[in-house]
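I have placed the structure first, in the form of structure tokens, so that the comments after it can refer back to it.
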Amino acid sequence: MSQPATQLSAERLVHAPSAGDEWWRRSVIYQVYPRSFRDTTGDGMGDLPGITRELHHIASLGVDAVWLSPFCRSPQKDAGYDVSDYCDVDPMFGTLDDFDDLVAEARRHDLKIIVDLVPNHCSDAHPLFQAALAAAPGSPERELFHFRDGRGPDGNEPPNNWQSHFGGPAWTRTTDDDGAPGQWYLHLFDSSQPDFNWDSDAVRAEFERILRFWLDRGAGGFRVDVAHALIKEPGLPDWGGRPDGRSTEGFPFSDAPMFGRAAVHDVFRSWRQLVEEYDGDRILCGEANAHPVETMADWVRSDEMHQTFNFDYLGAAWGAASFRGVVERSLAAFDAVGAPTTWVLSNHDITRHSTRFGLGMTGRVNEGGKISDLVVDEDLGLRRARAASLFTLALPGGVYLYQGEELGLPDFLDLPDEFRQDPTFFRTRGERVGRDGCRVPLPWVAGAPGLGFSTLPGSSEHDDAAPTSNAWLPQPRHWDRYARDVQAGDPDSTLELYRRALAARAERGLGLGDLAWLETRPDGTTDVAAYRNGRTVVVLNSGDEPADLPAGSILLESTPGAIDADGRLVPDAAAWLDVEH
Ligand code: GLC
């Protein structure tokens with residue numbers, strides 16, 4: 001039995017072609033996680049020269065920009081999202097000259113470099129926080145952060161019930177010079193990440209200086225970390241819901257006194273004006289983890305950011321109905337404010353999509369909850385991941401790719417605990433394993449020590465006698481099969497599938513295109529999702545039976561054999577077709 005035929009005649013337009021043609025309305029942006037991209041010094045840690053050296057690989061994918069996760073000076077308690085100097089490169093990654101070289105090389109490839117800006121909090125080693133600790137309660141130095149007296153007898157209780165996103169209370173008590181317990185400071189993340197007080201003009205001025213510093217050095221824009229949390233409700237009230245301060249319905253919430261406050265948008269309006277002073281169409285992309293998607297669209301109103309990550313899409317369970325629902329709601333929400341929707345399947349905070357879709361579970365698998373005990377079907381996950389990526393790459397709007405997804409990499413679920421570094425693991429005493437599994441160094445060369453990630457001193461990458469990897473996180477043994485050199489030139493590989501899809505996306509102008517659903521069944525309950533963007537039709541089959549395809553010539557199929565001998569699309573597969581329209 002096959003699924004009902006996809007009817008080209010019965011289509012329903014839900015998104016008109018983009019009104020503007022700025023690059024960020026259709027961009028493909030590749031996220032580099034510098035620690036894990038390419039190590040040129042042999043210390044086991046990726047670095048900026050490694051990115052510069054291998055930039056041609058990223059360029060050959062056909063992307064527009066590279067977003068670099070944090071590389072500024074940092075004690076690395078949260079992998080660089082704890083910044084101690086916003087205007088310098090951490091020596092582990094190189095120097096400011098290395099950054100300049102990277103920007104210059106990027107220009108040669110017509111790529112923009114997007115810097116990750118972390119404005120919600122800094123490192124406790126930042127000179128401003130150190131000065132605040134040394135200053136008295138009520139001092140201007142402490143005004144830059146959220147210092148409060150504790151509650152209860154002797155101020156022993158935290159000032160409110162807020163919880164750290166990484167587990168445990170969101171407050172840590174300081175110790176005064178005389179050794180007596182002092183005030184508490186707020187940290188929505190690790191205790192080494194004190195939150196800035198964005199009601200302070202001095203904080204705003206400092207970040208304008210930082211923005212200009214990187215724009216002057218040629219940054220193409222910023223990815224703005226935790227953009228939903230800068231402004232806190234005055235008085236820092238308790239958050240109802242549960243005794244631990246969490247809302248009963250999940251995270252995050254519009255009723256939360258630390259997320260999505262109206263005044264946060266003033267900050268980004270002023271930044272939009274600032275970046276527009278510069279030439280070259282520089283952009284702001286917000287990590288605004290807000291729900292529902294209509295709320296997320298607030299960050300990209302015409303005078304605010306250019307893009308925001310689509311967390312609803314990132315959290316969508318595998319399947320036609322699920323993807324279709326999020327796509328439709330997202331396009332409606334972002335169209336309403338005249339902004340492009342972005343599509344993202346993986347990043348450095350979430351289990352990679354080839355693993356998520358290979359687990360026998362649905363819904364959001366985030367932050368490394370206890371999933372290592374679950375059985376993962378790696379081949380099924382990869383097949384579904386390739387289908388999901390193909391479904392995604394023809395959508396109108398912007399796309400974000402996370403390094404390694406073009407290789408089909410899974411998470412390293414069995415990473416031994418002794419290697420774990422994510423503060424989530426430590427703050428929850430291992431209850432949540434954290435995000436290290438999706439941050440493992442890339443495999444470049446099959447059979448090479450460290451899979452060619454590290455250039456070990458005194459050894460060549462192909463020298464079998466060289467010691468094996470000293471990478472900051474170990475790579476699974478079987479990752480040879482995912483290595484870039486094995487995939488390059490193999491027409492059946494995930495890498496070549498991404499290349500072909502991205503080239504076709506550009507040629508066909510899909511990023512600025514329209515979207516019409518092809519009705520596969522009137523009640524919409526089918527396991528087949530099909531849409532048309534211009535002359536391109538995309539069909540995804542997440543059901544158990546082969547599905548009929550509409551008339552048209554096949555452009556791409558997600559895996560070899562995705563189309564059976566009868567011309568039908570097999571389960572867990574996707575295809576692109578060229579149709580007359
Ligand atoms: C963002 C980053 C995440 C980091 C957190 C705190 O969510 O993506 O990696 O841990 O902010 O900065």
Side-chain angles (χ1 to χ4, degrees), residues 29 31-36 67-84 86 90 114-126 129 145 162-168 170 172 186-196 198 207 210 222-230 232 251-252 256 258-260 264 284-291 296 299 305 307-311 314-315 342 344-352 364 366-369 400-403 411 420-428 432-440 472-473:
I29 301 184
Q31 178 188 1
V32 164
Y33 197 67
R35 292 174 146 248
S36 299
W67 147 38
L68 304 175
S69 281
F71 55 81
C72 287
R73 252 183 211 272
S74 159
Q76 302 289 326
K77 299 267 178 60
D78 182 23
Y81 284 95
D82 49 318
V83 180
S84 56
Y86 287 86
D90 195 285
I114 310 289
V115 170
D116 205 324
L117 187 77
V118 189
N120 180 67
H121 46 264
C122 59
S123 157
D124 57 358
H126 194 291
F129 188 71
F145 299 90
W162 298 2
Q163 297 293 297
S164 155
H165 192 44
F166 293 156
T172 291
L186 176 69
H187 51 87
L188 292 183
F189 293 88
D190 189 48
S191 55
S192 63
Q193 294 167 294
D195 279 43
F196 278 115
W198 275 87
F207 273 89
I210 295 163
F222 301 93
R223 176 260 187 191
V224 182
D225 190 60
V226 197
H228 50 290
L230 271 50
K232 279 77 179 176
F251 169 85
M258 69 297 265
F259 300 133
V264 81
L284 298 167
C285 177
E287 190 210 18
N289 200 344
H291 290 284
M296 211 185 297
W299 270 262
M305 297 202 186
Q307 296 182 334
T308 185
F309 295 103
N310 188 340
F311 281 98
L314 186 65
T342 63
V344 50
L345 286 166
S346 281
N347 70 24
H348 65 293
D349 288 330
I350 184 165
T351 307
R352 286 179 177 277
R364 194 163 176 150
N366 200 358
E367 295 146 18
Y400 276 85
L401 306 178
Y402 176 46
Q403 70 176 37
D411 261 39
R420 295 200 182 276
Q421 310 215 3
D422 187 347
T424 309
F425 178 73
F426 300 102
R427 288 186 67 86
T428 63
R432 284 157 60 196
V433 292
R435 301 158 293 179
D436 296 309
C438 66
R439 300 175 173 180
V440 172
W472 71 283
L473 286 176

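As the structure lists them, so they are numbered: ligands from 1, and atoms in each ligand from 1.
- Heavy-atom proximity to atom 1 (C) of ligand 1, evaluated over Asp349, Thr424, Asp225, is greatest for Asp225.
- Listed by number with element, the atoms of ligand 1 under 4.0 angstrom from any heavy atom of Arg439 are 9 (O).
- Listed by number with element, the atoms of ligand 1 under 4.0 Å from a non-hydrogen atom of Arg435 are 3 (C), 4 (C), 9 (O), 10 (O).
- Residue contact annotation: His165 has no non-hydrogen atom under 4.0 Å from ligand 1.
- Of all protein heavy atoms, the one lying nearest to atom 5 (C) of ligand 1 is Phe189 CE2, 3.8 Å.
- The distance from ligand 1 to the heavy atoms of Glu287 drops below 4.0 Å at these ligand atoms: 1 (C), 7 (O), 8 (O).
- If you take CD on Glu287 and CG on Asn347, they are separated by 7.5 Å, rounding to the nearest 0.5 Å.
- For Arg223, the closest heavy-atom approach to ligand 1 falls below 4.0 Å.
- Only the side chain of Phe166 comes within contact range of ligand 1, with a heavy atom under 4.0 Å; no backbone atom does.
- Using a 4.5 Å cut-off on side-chain heavy atoms (C-beta onward), Thr424 and Arg435 make contact.
- For ligand 1, the atoms lying closer than 4.0 Å to a non-hydrogen atom of His348 are 2 (C), 3 (C), 8 (O), 9 (O).
- From Asp82, atom CG reaches atom CD of Gln76 across 6.5 Å, with rounding to the nearest 0.5 Å.
- Protein heavy atom in closest approach to atom 4 (C) of ligand 1: Asp78 OD2, 3.4 Å.
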Query raised in the report: Would Asp116 and Phe71 count as a side-chain contact (heavy atoms from CB on, under 4.5 Å) if you check the C-alpha gap in whole Å, the side-chain angles of each, and the deciding distance to 0.1 Å?
Result: CA-CA 8 Å; Asp116 205 324; Phe71 55 81; over 6 Å; no
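- Which parts of ligand 1 touch Val226 is read off a 4.0 Å heavy-atom cut-off, strictly below it: atoms 1 (C), 11 (O).
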Requested in this report: Go through Arg420 and Asp422 one step at a time and tell me if the salt bridge (Lys or Arg N to Asp or Glu O under 4.0 Å) criterion holds.
Outcome: CA-CA 6 Å; Arg420 295 200 182 276; Asp422 187 347; over 6 Å; no
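- Aromatic ring centres of Tyr81 and Phe189: separated by at least 6.0 Å.
- Residue contact check: His121 has heavy atoms under 4.0 Å from atoms 6 (C), 12 (O) of ligand 1.
- You'll find the side chain of Ser69 reaches within 4.5 Å of the side chain of Pro34, heavy atoms only.
- Contact check on Lys232 versus Asp195 returns a salt bridge, with a Lys/Arg side-chain nitrogen under 4.0 Å from an Asp/Glu carboxylate oxygen.
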